[in-house]
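Here the structure is laid out as structure tokens; the discussion comes afterwards.
Numbers restart at 1 for each chain; the letters A, B, ... are given by sequence-line order, proteins then strands.
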Amino acid sequence: MTLFVEPPSSAEYDGDHRAPAAGEPHQRTKNVKAIELPKAYDPKDFEDRIYAMWKDGGHFEPKDNGEGKDPFVIVIPPPNVTGVLHMGHGLNNSLQDILIRYWRMKGRPTLWVPGTDHAGIATQNVVERRLKEKGLGRHDLGREKFLEETWKVKEEHHGIITKQLEKIGASCDWSRERFTMDEGLSEAVREVFVTLYERDLLYKGEYLVNWCPSCGTALADDEVDHEEKTGGLWEIRYPLSDGSGELVVATTRPETMFGDSAVAVHPEDDRYKHLIGKTVRLPLCGRDVPVIADAYVDREFGTGCLKITPAHDPNDFEIGNRHKLERISVMNGDGTMSAATPEFIQGMKAKDARKRTVEELEAQGFLVSHKEHVHQVGHCYRCSTVVEPYLSDQWFVRMQPLAEKALAAWRKGDITFYPKKWENTYRHWLENIRDWCISRQIWWGHRIPAWTCASCGELHVERQDPTQCKKCGSEELRRDPDVLDTWFSSWLWPFSTLGWPEKTPDLSKFYPTTSLVTGYDIIFFWVARMIMAGLEFMGEVPFKDIYITGLVRDKKGRKMSKSLGNGIDPLDVVDTYGADAMKFTLAYLSAQGEDIPMDMDTTKIGSKFANKIWNATRFILMNLEGRQLGDAKTCEKSLADRWILHRLNEAVKTVASAMDAYRFDEMSHAVYEFFWNDYCDWYVECAKGGLYGDDEAEKDRTATMLIAVLEEALRLMHPFLPFITEEIWSKLPGTREALIGTSYPEADSSREDAAAEAAFKTLSDLVRGVRTLRSEFTIAPAKQVKVRVECTSEGKGVMDGSESIAAMLVRSDDFAFLEEGESTDGSLAVVIPGYTVHVFIKDLIDVDAALARFRKSLDKTLKLIEGKKKKLSNENFVSRAPEDIIAKEKAALAEMEDTAQRSAAYLTALEG
RNA sequence: GGGCGGAUAGCUCAGCUGGUUAGAGUACCGGUCUUACACACCGGUGGUCCAGGGUUCGAAUCCCUGUCCGCCCACCA
């Protein structure tokens, strides 16, 4: 394992900024020219240029370096071509890009397949809305012309979406881009439809579907949003046909009474038992319907009598099936009352018809009561129109057999959700699966490959368009006018994009894919169905890991929505702060897939971090002039060097484990803390000592190490902030290949250095202690102070060699170890484990205040000591707690007692 | 009606298989333009970890009960 990157031999990337000095084959060992970075970090200066460099350089295509590593593959959740990307896309594409870049650098053949979804109803609605502005409907144009218009909209939006993904920095392989309605995917859809039909997993039947009168199409169950609404509950008198009495039914929808086929009562309801088998006469239309018994009826609700309208209520539909009742549709496809209703409401919308019917019932004395009633009302998820249960001929997929396989695969551990909690959601849905209505009465989408013979009615479902009826030979075949639900192509996405049903090299190499990154709102719509399709048609799950992201919300925790106007546009974010800032911020905030509250300002987290990286680099580059850079692997190491390498190694390990667990917050925190707190705040500060001195060799050595650690830090951070790291990388001395294509840092046990960690902690404790003292007594930062360090037996040697650095960091022009017998008069002490640090500032401060402060901190320590002692004298603890814990407690106690003792002694001396 | 999740500093949240003196960012207070960064640096204030019970030597962490919030699913006319 190499310690640092080898200086690359050839310039693969020659940016337009850094000019390597002519004729310098290996700048590492030569005098370095001053390299200037623009003073301000401005992502606009380079993000577009770098993206083009990556793309044109073929860096997004999978590379097989022959190491036999497993490919890492993601298929993008295809954005709809209805519009532009929103923050949710910003989030999931940023996270996908982090995974992709990480594994690419790790050497796996890495592929990210981009693409877009035709989004059936949604896109059709966009086009219809445009037509409406011109006063036109889709039928004015006709199917063909309408589709032409829709393709135009698709092209328009597709271009925008692609551009946006590039802006975000998504490193997907554009040479493999797909669209759900392109030729290959359409073939996959057809193959699947026919295969399902052949396997008896597909059927056509009259069924009560969710109907959107505005879109004019059936909707799947999940495409209906339920909302609580206050409506009415009416009780209506249904007289018995024989005039011997009446039944009172309760209904929320009086206008559907003309479609009633029965009145049901509970079979054991003593009030009505004797009426079962008789008939009642429907008011206003005079039709006789039977009184039937069905256990579904709740005796407690309303009057205990339920009017049965099989064509307009899902439950009634079921009951109707059980009792073989007639289905009478009282509504047309556009939501108006049909010819099956009395003339006074024909052609009216349901709402008006309801009012009119109630008036009529009241006028004729059939209305018993009316009260308000709160219930769930379904709305179309695309256009929010109230959805009607509607009787029609539709195609369905039999889901039960598919769901069983999907459940089995999960139980076997073939798929894993991150975070795990979503597995419940997945399981619950699959265990309660219903058949999937896949036909849609719109034009934009995959046309159903089914033909009916006009003369004999034979149904043909085929791979090739039939020309002749296979039963009667008639050439008059009528194709089903409907198209498929948009998800019917989406559920094939992981293999259709790789070429299926063809047996392409990509398919065999990259299927199954590795990870899926998506939001929890489409676990049912999409994730579960992809798993079912993958198992059914490929015999294997489509991906192994499913990372479910949270939802990006506004600062108040509300969903971002157009109507609230509280959304932020990822492109605005990129424009203001840069793609790196957005990506880093989102990852940083992605805790366990929890929702992410953010606004424009939140992005400063990433933006400030990028700025920090920029400036740290600028500082280092400023100090390179004339330096002879050596080999960081072999050069002598200072304490700070050993410490930073140890810290770097820890960060590398944390990122690796966080990456395996899809903990984006953890990995980004790790790189953030390493670079900012360790590298900038301490390491670079320490390096200033070496850099500003007179020792040329030490200057060279310091610069060598600074650059070497920076280089590796850039590689470490690249997946999270790809643009700025690439830009900076290209400016470092030495010609080099693009960062995107280099290797990712690996954990290196030879860098583990507990001694350096401990020694550096002592150093930083000392520095912090003195700084706190200075700050509390407002000693001017520029004021140099005298310091004498007295060490205890434990402290011996730990600080040796760090004196000059410590002196610089605490601003002391007279810093030394305390000589035997040397006076400490005029000093105040900072007591840390191993050392008592005497700071000679007594004449500069209020001694009483200092004493009070000292006493306060001592009291705190004493209290802790008391607690620890109590714990350690507890029989139960000592006998039951594990040994290492006890040892740890003892050590902590000893250390505290030592400092407390020295503090107390010091305090006494000070007071005396 | 069923299921899931959340409640930790003023705010937004980490705290993973129980062992810290409970952390970060931000806000706040004080000080610094210290030859990279004021998008910065240095220091500081701030917490009955929702309530109550239990398990344990030890609970923010595990279990139970309750309260409050959020989400998903569900056909009560």
Side-chain angles (χ1 to χ4, degrees), chain A residues 37 39-41 221-222 226 233-234 249-253 264 296-298 300-309 313-318 373 375-376 389 419 421-422 424-425 428-429 432 520-521 523-524 551 555 557 559 577 581 588-589 591-592 594-598 601-602 604-605 607-623 657-658 661 663 665-666 669 672-673 677 680-681 684-685 688 692 767-768 771-776 778-782 808 811 860-861 863-864 867-868 871 874-882 884-886 888-889 892 896:
Chain A
L37 217 51
K39 187 157 167 50
Y41 159 64
D221 288 336
D222 351 11
H226 290 275
L233 183 68
W234 290 268
V249 300
T251 180
T252 55
R253 307 203 50 194
Y296 169 80
V297 180
D298 180 353
E300 310 299 314
F301 191 92
T303 56
C305 299
L306 178 61
K307 73 185 205 55
I308 305 298
T309 324
D313 181 281
N315 297 306
D316 294 6
F317 183 80
E318 295 287 327
H373 181 68
H375 61 147
Q376 298 285 325
K421 65 179 177 186
W422 295 112
N424 282 325
T425 309
H428 190 258
W429 187 71
N432 297 286
Y520 53 73
D521 46 339
I523 291 178
F524 307 140
L551 252 40
K555 276 284 185 183
K559 260 189 190 177
Y577 294 108
Y588 192 88
L589 297 174
Q592 295 261 43
E594 294 291 322
D595 289 350
I596 300 172
M598 82 177 286
D601 246 26
T602 313
K604 282 188 178 160
I605 295 172
S607 165
K608 282 160 78 169
F609 186 45
N611 187 57
K612 189 74 183 173
I613 298 170
W614 186 264
N615 280 298
T617 307
R618 212 160 70 83
F619 169 74
I620 292 164
L621 294 182
M622 282 168 112
N623 285 286
S657 67
R663 289 296 305 263
D665 56 337
E666 206 173 295
H669 276 90
Y672 183 92
E673 277 153 26
N677 303 134
C680 292
D681 290 350
V684 173
E685 289 307 313
K688 284 178 179 171
Y692 296 159
V767 171
R768 261 190 278 259
R771 279 175 177 168
T772 305
L773 195 66
R774 294 182 59 130
S775 173
E776 281 189 15
T778 52
I779 312 264
M808 175 184 67
R811 301 212 150 226
K860 208 171 149 192
T861 313
K863 223 173 238 166
L864 288 173
K868 284 259 181 285
K871 197 170 185 181
N874 181 344
E875 262 309 305
N876 280 324
F877 175 69
V878 182
S879 60
R880 297 190 199 203
D884 56 317
I885 297 294
I886 296 171
K888 227 164 106 185
E889 289 289 325
M896 276 180 204

When the [atom1] atoms of [N] and [M] are considered, how many whole Å apart are they?
N     : M     : atom1 : answer
B:G47 : B:C11 : P     : 13 Å
B:G5  : B:G52 : P     : 24 Å
B:U12 : B:G70 : P     : 14 Å
B:G10 : B:G66 : C1'   : 28 Å
B:U61 : B:C75 : C1'   : 42 Å
B:U55 : B:U48 : P     : 27 Å
B:A59 : B:A77 : P     : 50 Å
B:A22 : B:A60 : C1'   : 8 Å

[N] [atom2] sits how many Å from [X] [atom1], rounded?
X        : N     : atom1 : atom2 : result
A:Leu233 : B:A77 : CG    : P     : 8 Å
A:Glu685 : B:U32 : CD    : P     : 19 Å
A:Asp521 : B:C72 : CG    : C1'   : 11 Å
A:Leu551 : B:G5  : CG    : C1'   : 14 Å
A:Lys888 : B:G19 : NZ    : C1'   : 7 Å
A:Trp429 : B:G3  : CH2   : P     : 21 Å
A:Phe609 : B:G25 : CZ    : P     : 13 Å
A:Met896 : B:U20 : CE    : P     : 12 Å

Contact class for [X] (heavy atom, under 4.0 Å): base, sugar-phosphate, or nothing?
X        : value
A:Arg774 : nothing
A:Cys305 : nothing
A:Pro314 : nothing
A:Lys39  : sugar-phosphate
A:Thr252 : sugar-phosphate
A:Glu666 : base
A:Arg768 : sugar-phosphate
A:Tyr588 : sugar-phosphate
A:Ala881 : base
A:Asp681 : sugar-phosphate

Complementary nucleotide of [N], counting Watson-Crick and G-U pairs under 3.5 Å:
N     : value
B:U55 : none
B:U61 : none
B:U17 : none
B:U32 : B:A40
B:A7  : B:U67
B:A24 : B:U12

Closest to side chain of [X], choosing from [options]:
X        : options             : value
A:Ile605 : B:A14, B:G25, B:U32 : B:G25
A:Tyr692 : B:A36, B:G43, B:G19 : B:A36
A:Asp298 : B:C42, B:A77, B:U34 : B:A77
A:Lys688 : B:G30, B:A36, B:C13 : B:A36
A:Met622 : B:A36, B:G15, B:U34 : B:A36
A:Phe877 : B:G19, B:A36, B:A14 : B:G19
A:Lys421 : B:G5, B:C73, B:A36  : B:G5
A:Asn424 : B:G19, B:C4, B:C75  : B:C4

Give me the atom names and distance for the closest heavy-atom approach of [X] to [Y].
X        : Y        : value
A:Trp614 : A:Lys39  : NE1-O, 3.9 Å
A:Leu233 : A:His373 : CB-CB, 3.7 Å
A:Tyr41  : A:Tyr577 : OH-O, 4.1 Å
A:Ala658 : A:Glu666 : CB-CB, 3.9 Å
A:Asp316 : A:Lys307 : OD2-O, 3.2 Å
A:Lys868 : A:Glu889 : CD-OE1, 3.1 Å

Please check the phosphate of [N] (OP1 and OP2 only) for any side-chain N or O of [X] closer than 4.0 Å.
X        : N     : value
A:Lys608 : B:U26 : yes
A:Lys604 : B:U26 : no
A:Lys868 : B:U21 : yes
A:Arg618 : B:C39 : no
A:His373 : B:A77 : yes
A:Lys612 : B:C41 : yes

Approximate separation, where rounding is to 0.5 Å, of [X] [atom1] and [Y] [atom2]:
X        : Y        : atom1 : atom2 : value
A:Arg618 : A:Asn611 : CZ    : CG    : 9.5 Å
A:Ile885 : A:Phe877 : CD1   : CZ    : 7.0 Å
A:Met598 : A:Leu589 : CE    : CG    : 7.0 Å

(request) Tell me which of A:Asn876 and A:Asn611 sits closer to the 5' end of RNA chain B, going by the nucleotide each one is nearest to. (result) A:Asn611
(request) Using heavy atoms to find the nearest nucleotide of RNA chain B for A:Thr772 and A:Leu589 separately, return the residue whose nucleotide is more 5′. (result) A:Leu589
(message) What I want to check is whether an N or O donor and acceptor connect the side chain of A:Tyr41 with the base of B:C39 at under 3.5 Å.
(response) no
(message) Applying side chain to side chain donor-acceptor pair (under 3.5 Å), can you list everything that pairs with A:Glu318, at least two apart in sequence or on another chain?
(response) none
